[in-house]
Amino acid sequence: MIFGSGRDFNTILGINRELISDVIEQEVLYYKISLENSKSNIYGESVNKVFYQPVKLNCLVERGEQQAGIDDFGPDLNRYNNFRFLKEDLKNVETYPQVGDIILWFEDYYEVDNVIENQHFLGKNPEYTFTEYGDKYGASISMICQCHQTRGDKLGITQQR
């Protein structure tokens with residue numbers, strides 16, 4: 001095995017981190033849900049969710065188109081976005097994305113519907129290997145959060161200035 005070692009991964013990670021943090025500069029606030037402090041009903045649903053203090057993260061944002069809809073309460077706008085994070089950046093702030101977490105971007109709140117972690121350096125997942133040297137090669141690169149736009153007043157999150 002010639003390529004794919006930790007040293008190779010760290011080089012690529014450094015380039016990606018510089019690109020995302022210093023060139024693209026898409027910053028979001030990530031609100032992690034506190035499951036132990038959010039009371040749920042008999043169906044496992046929580047009306048009043050509690051969130052930890054947000055952490056600022058850099059990411060790539062794949063914007064969806066705005067969709068207008070009309071329901072019993074009048075017209076409403078919705079949008080689906082994908083937020084792409086470097087897994088190492090998430091590790092550094094000790095945050096692991098889960099369904100129900102909230103992302104604040106451009107004064108809009110997005111609730112995480114799905115988390116995808118299937119991009120591996122050189123296609124190798126060191127956690128799944130049949131060779132003795134396999135855990136020394138490859139790495140998980142990114143985590144993608146698929147989200148839908150939600151209302152801040154529904155979440156109980158208010159911005160303090």
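If you read the sequence from its start, that first residue is 1, and numbering goes on from there.
For residues 49-58, every residue pair satisfying the salt bridge (Lys or Arg N to Asp or Glu O under 4.0 Å) rule, not counting sequence neighbours, is listed here: Glu27-Lys56, Lys49-Glu111. Pairs engaging residues 57-66 under the salt bridge (Lys or Arg N to Asp or Glu O under 4.0 Å) rule: Glu62-Arg84 [sequence neighbours left out].
If you chain together hydrophobic residues whose side chains sit under 4.5 Å apart, Tyr110 and Leu90 fall into the same group. Val99 and Phe51 sit in two unconnected hydrophobic clusters of ILVMFWY residues. Membership requires side-chain heavy atoms under 4.5 Å apart, directly or through other members. Hydrophobic clustering keeps Val115 apart from Ile102 (ILVMFWY residues linked when any side-chain heavy atoms are closer than 4.5 Å, directly or through intermediates).
Here Tyr52 is tied to no hydrophobic group at all, with no ILVMFWY side chain closer than 4.5 Å. Residue Ile144 shares its hydrophobic cluster (ILVMFWY side chains chained together at separations under 4.5 Å) with Ile116.
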Apply side chain to side chain contact (heavy atoms under 4.5 Å, CB included) to the pair Gln67 and Tyr80, showing each step before the final yes or no. CA-CA 9 Å; Gln67 300 170 350; Tyr80 294 91; 3.5 Å; yes

Starting from the C-alpha separation in whole Å, work towards a yes-or-no answer on side-chain hydrogen bond (donor to acceptor under 3.5 Å, both in side chains) for Lys32 and Gln53. CA-CA 8 Å; Lys32 184 82 180 135; Gln53 288 295 315; over 6 Å; no

Under the side-chain hydrogen bond (donor to acceptor under 3.5 Å, both in side chains) rule, what do Asp101 and Tyr31 come out as? Steps first, then yes or no, please. CA-CA 6 Å; Asp101 291 347; Tyr31 290 84; over 6 Å; no

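Atoms CD and OH, on Gln149 and Tyr109 in that order, are 11.5 Å from each other to the nearest 0.5 Å. For the atom pair CD (Glu25) and SG (Cys59), the distance works out to 12.5 Å, reported to the nearest 0.5 Å. Within the model, atoms CD1 of Ile103 and CG of Asp108 stand 12.5 Å from one another, a figure rounded to the nearest 0.5 Å.
With sequence neighbours left out, the salt bridge (charged side-chain N to carboxylate O under 4.0 Å, His left out) criterion links Arg151 to Asp76. With sequence neighbours excluded, the residues satisfying side chain to side chain contact (heavy atoms under 4.5 Å, CB included) with Gln66 are Leu77, Arg79. Annotation: side chain to side chain contact (heavy atoms under 4.5 Å, CB included) contacts of Val93 (sequence neighbours excluded): Val55, Leu57, Thr95. Every side chain to side chain contact (heavy atoms under 4.5 Å, CB included) that Gln26 has, sequence neighbours left out, goes to Ile24, Val61, Trp105, Phe106. Scored by the side chain to side chain donor-acceptor pair (under 3.5 Å) test, Asp113 finds His148 as partners (sequence neighbours excluded). Evaluation of the salt bridge (charged side-chain N to carboxylate O under 4.0 Å, His left out) rule for Glu18 yields no partner, not counting sequence neighbours. For Arg17, the salt bridge (charged side-chain N to carboxylate O under 4.0 Å, His left out) partners at least two apart in sequence or on another chain are Asp89. Partners of Ile20 by side chain to side chain contact (heavy atoms under 4.5 Å, CB included), not counting sequence neighbours, listed by chain and number: Asn58, Leu60, Leu86.
Proximity of Ile141 to Lys87: side-chain heavy atoms (C-beta onward) are nowhere separated by under 4.5 Å. Looking at heavy atoms from C-beta onward, Tyr30 lies in side-chain contact with Pro97 at the 4.5 angstrom threshold. When side chains are defined from C-beta on, Tyr96 counts as touching Met143, because their heavy atoms get closer than 4.5 Å. Residues Asn82 and Cys147 have side chains not in contact (no heavy-atom distance under 4.5 Å, counting atoms from C-beta outward).
Heavy-atom minimum distance, Pro54 versus Leu29: CB-CB, 4.0 Å.
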